[in-house]
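Here is the structure we will look at.
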Amino acid sequence: MSNWTLLLFAVIFVALAPVAGCILAGIDRKISARMQGRQGPPVMQPLYDVRKLLAKERRTSNRVQDFYVACYLFWIVVTGAMFFAGMDLLLIVFTLTLGETFLVLAAYCSGSPFAQVGAQREIYVAMAYEPMILIMAVAYYLFTGGEDGGSFAVRDIAGFGDMAILPMLGIFLGFLFILTMKLRKSPFDLSMSHHAHQDIVRGVATEFSGRTYAMMEVSHWYENIMLLGMVALFFQNGEWTGVVIGAVVAVLAYILEIWIDNGFARMKWQTALKSGWIVSLVLGMGNIIALLVIA
Amino acid sequence: MNDILLMMVIPFIVACILLVVKNDRARGPISYIGAALIIATSIWVAWNYHGDPQTFEVSGESIDLLMFAIEAILGLVIIYLGIKHKKPIASVLGLVQLVMSVCFEFVFKEGIEVENGLYIDDLSIVMILIIGIIGSLICVYAVGYMRDFQEHHADEKDRRRWFFFLLFVFLSAMYGVVLSNNLVWMFFFWEITTLCSFALIGFTRTEEAVNNSFRQLILNLIGGIAFLAALILLADQEGFLALDRLLATPDALVADWLLVAVMLMALAGIVKSAQMPFHTWLLGAMVAPTPTSALLHSSTMVKAGVFMLLKLSPLLYGNIGGDMVMAVGGLTFLLASMAAISQSNAKRVLAYSTIANLGLIVACAGVGTPEAAWAGVMLMVFHAITKSLLFLCVGTAEHHIGSRNIEDMDGLFARMPKLALIMMLGIAAMFLVPFGMLISKWAALTAFVDTEEAMSVILVACIAFGSAVTGFYWTKWLGKLACVVRDAKDIEDTVRPQEWTVLGSLAALVVIVCLGYPLLSDWLVVPWMDIAFFPEHADLALMETNNLYLLLIMLVALVLIFVPFFGRSKTKEVPNYMSGVNIDDLSYTGSMGAPVNVTLRNWYMEDWFGEDRIRKVGEAVTAVVIVACIVLACGGWLR
C-alpha cells in the first residue's frame, strides 16, 4: 500500500472516528438501558451532551488542568492516526501511554481527593493491562517474522497475508480480557465509571467541566475506535474479506464488553492487577512460547 | 596521545589543589575553572579521536611498581579500617585481595609485557563525554550544595576539602578505567573508584554512613577479587594481559578457562553496576550528600560496571556467560522496578530506578549482538544525563522543603515552579516517548526478540512487566509534583546560582541529546560496533530512520503545544468539589458542621512490592543463577 493511501486512512480516522465513536457510545447507552429494562436515550444523545457541554460557561479549578486535557486529546488523536496510517505498533502503544499520562496529570493537578484517587487507580489499572499490550506487539513481530526478522509496523501486519487470529488465539483472548480495563468498564471501572455505583464520584473526571469535559469525551470516542481497530487487526489478511470480518468481530467484541459491563459487579481493586497479570502471563507469554516453538 | 594524558591528569591536579586550599571563597573559582578545563579537554579528545580507534605505546616498570605500591598501601588501609570499625569481613577480604595481588605481581605476571598501555575507541569516547561533561557539572553543583550542607551541619568539622578532592580524583580514575588497555592498570583504576566511593559514602561519619560505606566496600571487594582472579587466569593460562588481545578472541574460542575468566570479569562488572544480589550497596550510598549520589549513579562508579560488560559483550554471544549476564540483568530490571513502587523516599526511588535501568543495560550486554549493544550504549548515555538531573533536583528540593519524601513534594509545582518543571522534564525523560530512554528501551526489546532463544522469552517477560511497573511509580511521582495548590508561597529564590546553572544545563542536555539521537548513533555508536563485533553477527537492523524522524516531530509538538495556553484566558477559577463547603484547598466543612482536613497519599502497595520481600526473592534467584552458571562453566573447563 502506498504512503499516500496510508496517509488518507489517517485523515479519514481523524475526520470520522468521532462520528463512529459517538454512535458507538450512543448504542452502548441504548443497549445498556435495554439490558436494565429501560427505554434509554436516543442514539445521538452523546453528541447532544457534548454540544451542551461546549456551550457552558468556562470554569476550572486551575488552568493547567485544561492544558493537560487538551494534551490528552491531542496525543490520543495522534495515536489513532498513527495506528490507521500503519505505523510501528510499539510506538503507538508508547504514544498512547503518553496521552494517558496527561489525563492522569489533569486529574492529579486539581488537588481534589476524588480526582486524585481516580488518577491513582487509573495508573494502577494501566499497570495491570500494559504487559498484555506489549506482549501482543511482540507476538505480532514473531508472527510476521521470517528469515530476516519480523515487523512491528501495523501496515506489515495487516498486509502479511495470513490472519493472525489462529496462531495468536491466546493473545486475542488476553487482549479481549484487558479491553474491559482499557474501556473502563465494570468489573474494572475503578478510575471512573458511567454508572452510579462509583465510590469516588466520577473519579478522574470529577473536576472537569464544560469544554474540558467535552474534550475528554471526544478523546474517549477516538480511543474506543482505535481499540476496536486493534481487535480488527487480528483478522486482517490483506484483502477486503479481512476488513469486513475484522469490523464485524470488533463490533461483536464491543457488545460483549457492554454485556460484561452490565452483567458483573465491580470487583475489589486487587483483582485487576492479579487477573491482568495472570492472563498476560498464561495466555500472553504462553502464546509467545508457542510462536517461538512453531518458528 | 599527550592530549589524552593531559585529560586524564587534569582532574587529579585540580583535586590536589582543592585538597590544600582551605578558603571556601577560592574553592568555587578553582572548581569552575577545573570543570571548564575537564569539559573542554573531553570534548577536544572526543572531536580528535572519534572514528579513529587506536592504541598507544605506554609502558614502564616504574608505573607498574608505583601502582602496585599504591594498591598495597590501600590494601593495608582497608585491613586497618576494617579492624578499627569492627568490620572483620572487610579486613579478611582486603587481606585476600592483598595476598592475591602480591602473588599476581611476583609470580603470575612475571615476564608478561603489555606494550600498549592505553587505547581509545568510540565507546571510550562516549564514556569520556559522560564522565567529563556530566561529572564536572555535578562538581560545580556541589560547590553551592556543600555550602548549604555545611550551614545545615554547622556543628561538625568542615571536611569539604576532602570531599572535593575525592570528587575530582574519581573523575581521573574513571578516565583510567575507560582508557587502559593494560588490564592490570584497568584493575588499579577500578579499585580506586571503589575506594573513592567508599570514602564518599562514609563522608558524614555517622554510624549509618560508616556501616553503608563498609557494605559498599565488602561487596565491591568481592567484585575486585573476581577481577583479580580473572587476571591470574589470563596470565597463567595464556600469558597476556592486554584488553585488545582478549577482545580479539573469536567467540568460538571463548570456552574452557577463557570463558571462566570472562565470566569472572563480567561478575566484577555486575557487582559494580549494582545488580542483584549485590544491589544493596547502591541503596546504602544514599546517606551521602546528594552530589555523591548523583556522581555514583550517573557518570561514574556504576557506569564503570556497565562499561566493562558492554566491552565484553562480543565475547558473551551465545555462551553460558551471556546467559548469566542476561538473566541477572533482566531479573534485576523487573524486581528493582517493583521495589521502587513501595518507596516514598525520592532518593530511594531514584536508586531503585538506577538499579533497574542498569539491569536493562546489563541484559543488553549479555545478548552479545551489536543490535542489543547499541540499545545498551544509548540507554547508558540517556540514563547518565537524566539521572544526574533528577538527583540534583531532589537535592535542591530537599534543602528548600526540608524533606526528600515524595509525599512532601505535594504541590511543588506551585511552591518551586521552575524546579518542579525541570524535575517533571527529568521524570518524563525516564519513561515517556519521545525521550531517549524509552526509544532505547524499545530498541532493547526488539533486540531481545530477535535472538529467538529460550532466554529471549524470559527477557521479553521481564521487559513487558517491568515497563508497566516503571510507568506506575514514575507517574504517581509526576502527579504529586503536578498538583496545584492555590496561594502557595514561592520559596525558590534562595536556590543558589550554581545550582540553577547546572540544572538548566542538564535539562537542556536532555532535550539536545534527544534531538541529536541519530547523530550520536552515526558518529559514535555504530562506528564502535562495526569494529568491536565480529562480522558474522553484524546483521544490523537498527531502528528505522522514519521512526526516528517521527519521534523528533513528536518532541517538537510536545514543546509547541504549550503555546496556546500562555496569556490571558476567560476561564473562571473555582474551588474543588469536596462533598461539603470548602474552607481552603485541603479542608472543608463536613455535613455535621465540623471542619474536615483532607490528606492525600499515594499508593505504595507495601504488601505486594515491599522492599524486603523483593530483596529476598531477588537475592536468592540471582545468586543461584550466578553460582550455577559459574559452576557449570568451571565444570566444562575441568572436564
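Everything numeric here is computed off the predicted structure, so don't read it as measured data. So that the names make sense, note that chain A is the first sequence line, chain B the second, and so on, each numbered from 1.
Looking only at heavy-atom pairs under 4.5 Å with chain B, the residue among A:E207, A:E57, A:M82, A:R211 that has the most is A:E207. Ranking B:L445, B:I463, B:N602 against chain A, the residue ahead of the rest is B:N602, based on heavy-atom pairs under 4.5 Å. Ranked by non-hydrogen atom pairs under 4.5 Å with chain A, the options B:D410, B:I341, B:L438 are led by B:L438.
Using a 4.5 Å cut-off between heavy atoms, A:W75 contacts chain B through its side chain alone, with no backbone atom that close. For A:I133, no part lies under 4.5 angstrom from a heavy atom of chain B. Of the two parts of B:W608, only the side chain, counted from C-beta on, holds a non-hydrogen atom closer than 4.5 Å to a non-hydrogen atom of chain A. Looking at B:M554, the atoms closer than 4.5 Å to chain A (heavy atoms on both sides) sit in the backbone and in the side chain alike. Using a 4.5 Å cut-off between heavy atoms, A:F94 contacts chain B through both its backbone and its side chain. Proximity to chain B (any heavy atom under 4.5 Å) is restricted, for A:F152, to the side chain, taken from C-beta onward. Neither the backbone nor the side chain of B:L481 comes within contact range of chain A, judged by heavy atoms closer than 4.5 Å. For A:Q270, the parts lying under 4.5 angstrom from a heavy atom of chain B are both the backbone and the side chain. Contacts between B:L432 and chain A at a heavy-atom distance below 4.5 Å involve the side chain alone, from C-beta outward. Within the 4.5 angstrom heavy-atom criterion, only side-chain atoms of A:M285, from C-beta onward, approach chain B. Contacts between A:Q120 and chain B at a heavy-atom distance below 4.5 Å involve backbone atoms as well as side-chain atoms.
More than 12 heavy atoms of other shown residues, nucleotides or ligands fall within 6.0 angstrom of atom CZ in A:R184. Other residues, nucleotides and ligands place no more than 12 heavy atoms under 6.0 Å from the CZ atom of B:R613.
In this structure, the separation between OH on A:Y124 and OG1 on B:T475 is 15.0 Å, given to the nearest 0.5 Å. For the atom pair OH of A:Y108 and CZ of B:F413, the computed distance is 16.0 Å after rounding to the nearest 0.5 Å. Interatomic distance, OG of A:S112 versus CG of B:L600, reported as 8.0 Å (0.5 Å rounding). Put simply, CE on A:M132 and CZ on B:F465 are 9.0 Å apart, with the number rounded to the nearest 0.5 Å. Atom-to-atom distance recorded for B:W474:CH2 and A:I123:CD1 is 13.0 Å, nearest 0.5 angstrom.
When side chains are defined from C-beta on, B:S456 counts as touching A:L292, because their heavy atoms get closer than 4.5 Å.
When all heavy atoms of A:L134 and B:S467 are compared, the pair lying nearest together is CD1-CB, 3.9 Å. Between B:A482 and A:C109 the shortest heavy-atom distance is O-CB, 3.4 Å. A pairwise comparison of heavy atoms in B:V469 and A:M127 identifies CA-SD, 3.9 Å as the closest pair. Taking every heavy atom of both residues into account, A:Q116 and B:C483 meet most closely at NE2-SG, 3.5 Å.
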For this session: For A:V138 and B:F448, run side-chain contact (heavy atoms from CB on, under 4.5 Å): C-alpha distance rounded to whole Å, both residues' side-chain angles, the deciding distance at 0.1 Å, then the answer.
Result: CA-CA 10 Å; A:V138 171; B:F448 293 158; over 6 Å; no
Exercise. Would A:L91 and B:V433 satisfy side-chain contact (heavy atoms from CB on, under 4.5 Å), going step by step from the backbone distance to the final call?
Worked result: CA-CA 8 Å; A:L91 183 59; B:V433 93; 3.9 Å; yes
